[in-house]
Amino acid sequence: MSVVSLLGVKILNNPAAFTDSYRFEITFECLEQLQKDLEWKLTYVGSATSSEYDQELDSLLVGPIPVGVNKFIFEADAPDVNRIPSSEMLGVTVILLTCSYDSREFVRVGYYVNNEYDNEELATDPPSKPIIERIRRNVLAEKPRVTRFAIKWDTEDSAPAEYPPDQPEADGQADDSGTYGAEERELEEALLKELQESDKPAEGEDHEMEGADAPAGKEDEEEEASDAESEDLEAESDDDEDDLDEEEGGEGDEDVEMGDDSEQKAAHPAHQTEVMAH
């Protein structure tokens with residue numbers, strides 16, 4: 001069971017200009033007193049074909065962490081356009097919001113980002129050299145992909161049975177960079193198809209992102225095969241806010257519903273805390 005559970009992420013400035021900073025309001029729950037800080041990072045995937053163009057936009061240490069529900073604002077700079085290939089400036093890409101404890105990543109939230117011109121004429125006939133100040137980004141905040149990893153926290157007892165040992169011999173394995181980006185390309189194709197279908201939704205049709213929760217039997221098989229779980233969450237249609245609905249995976253984990261701020265305060269009247277970021 002994870003000591004820290006992500007309850008909600010709101011993107012405070014969306015859509016926005018490509019050069020604007022990213023601003024997130026992050027809400028999480030801590031079940032035990034932690035000895036160290038949490039490290040949050042935001043990464044921009046500059047190309048689906050090579051990790052060479054990935055950019056870490058910012059990182060932030062948050063702590064000390066009080067037990068209960070906590071909230072803070074994470075702001076990260078826009079990516080450096082000089083490090084992005086001109087051919088990859090427009091179109092769909094991905095940003096990754098991750099959190100680690102003691103250098104061990106335990107949660108990752110991926111968002112699709114669509115970069116396009118704010119002018120129909122430019123969008124129809126884009127110039128050979130991108131006009132950065134005319135590009136706007138739109139983060140598909142209602143379609144996050146959340147992946148959780150079982151890690152060791154402050155004690156050996158908290159380590160999962162499958163906690164991997166150090167594997168220095170892995171450095172000698174063959175380079176797999178040729179397969180890098182396969183998942184991103186698959187996600188992009190699925191997104192584009194979904195965007196096309198969403199223009200004419202059928203009456204009563206429930207649009208869900210590919211990779212939604214599987215039947216119970218299939219989940220059990222997947223849990224035995226891997227420590228990490230991917231879940232696709234969809235924002236509640238009755239909420240005016242972009243809170244995430246997440247399901248905590250793994251044996252012994254409990255389902256977590258992420259409602260609005262008022263619901264969180266009602267559930268934890270004495271534990272809502274603005275934590276210190278540094």
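We count residues from 1, following the sequence as given.
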Over all heavy atoms of both residues, which pair between [X] and [Y] is shortest? Give the atoms and the distance, please.
| X | Y | answer |
| --- | --- | --- |
| Asn13 | Ser21 | ND2-O, 2.6 Å |
| Phe149 | Val107 | CD1-N, 4.2 Å |
| Glu32 | Val67 | C-CG2, 3.6 Å |
| Leu96 | Gly110 | CD2-CA, 3.8 Å |
| Ser2 | Phe106 | OG-CD1, 4.4 Å |

Margin query: Test of understanding: with salt bridge (Lys or Arg N to Asp or Glu O under 4.0 Å), list the residues that count as partners of Arg23, not counting sequence neighbours.
Written below: Glu75
Margin query: Checking Glu105 now: which residues fulfil salt bridge (Lys or Arg N to Asp or Glu O under 4.0 Å) with it, not counting sequence neighbours?
Written below: Arg108
Margin query: For Phe72 and Trp40, I'd like to know if the aromatic rings sit close, meaning centre-to-centre distance below 6.0 Å.
Written below: yes
Notebook entry, point to check: Checking Asn70 side chain against Gly68 main chain: does a donor-acceptor pair fall under 3.5 Å?
Noted result: yes
Note to self: As a quick check of understanding, evaluate side-chain hydrogen bond (donor to acceptor under 3.5 Å, both in side chains) for Thr43 and Glu56, giving each step before the final call.
What the structure shows: CA-CA 4 Å; Thr43 302; Glu56 182 181 309; 5.5 Å; no
Margin query: Is there a path of hydrophobic side-chain contacts, each under 4.5 Å between heavy atoms, that joins Tyr53 and Val45?
Written below: no
Notebook entry, point to check: Side-chain heavy atoms under 4.5 angstrom apart, residues restricted to Ile, Leu, Val, Met, Phe, Trp, Tyr: same cluster for Val81 and Val139?
Noted result: yes
Notebook entry, point to check: Can Tyr101 and Asp154 be counted as having a side-chain donor-acceptor contact under 3.5 angstrom?
Noted result: yes
Margin query: Quick one about Glu29 and Ser5 (side-chain donor to acceptor, distance below 3.5 Å, no hydrogens or angles considered), yes or no?
Written below: no
Next item on the list: Decide whether a cation-pi geometry holds between Arg137 and Tyr22; the criteria are a distance under 6.0 Å from NZ or CZ to the six-membered ring centre and an angle within 45° of the ring axis.
Entry: yes
Checklist line | Euclidean distance, Ile151 CD1 relative to Arg148 CZ, rounded to 0.5 Å | finding: 13.5 Å
Margin query: Take a 6.0 Å sphere around CD of Glu120 and say whether it holds more than 12 heavy atoms from other residues, nucleotides or ligands.
Written below: no
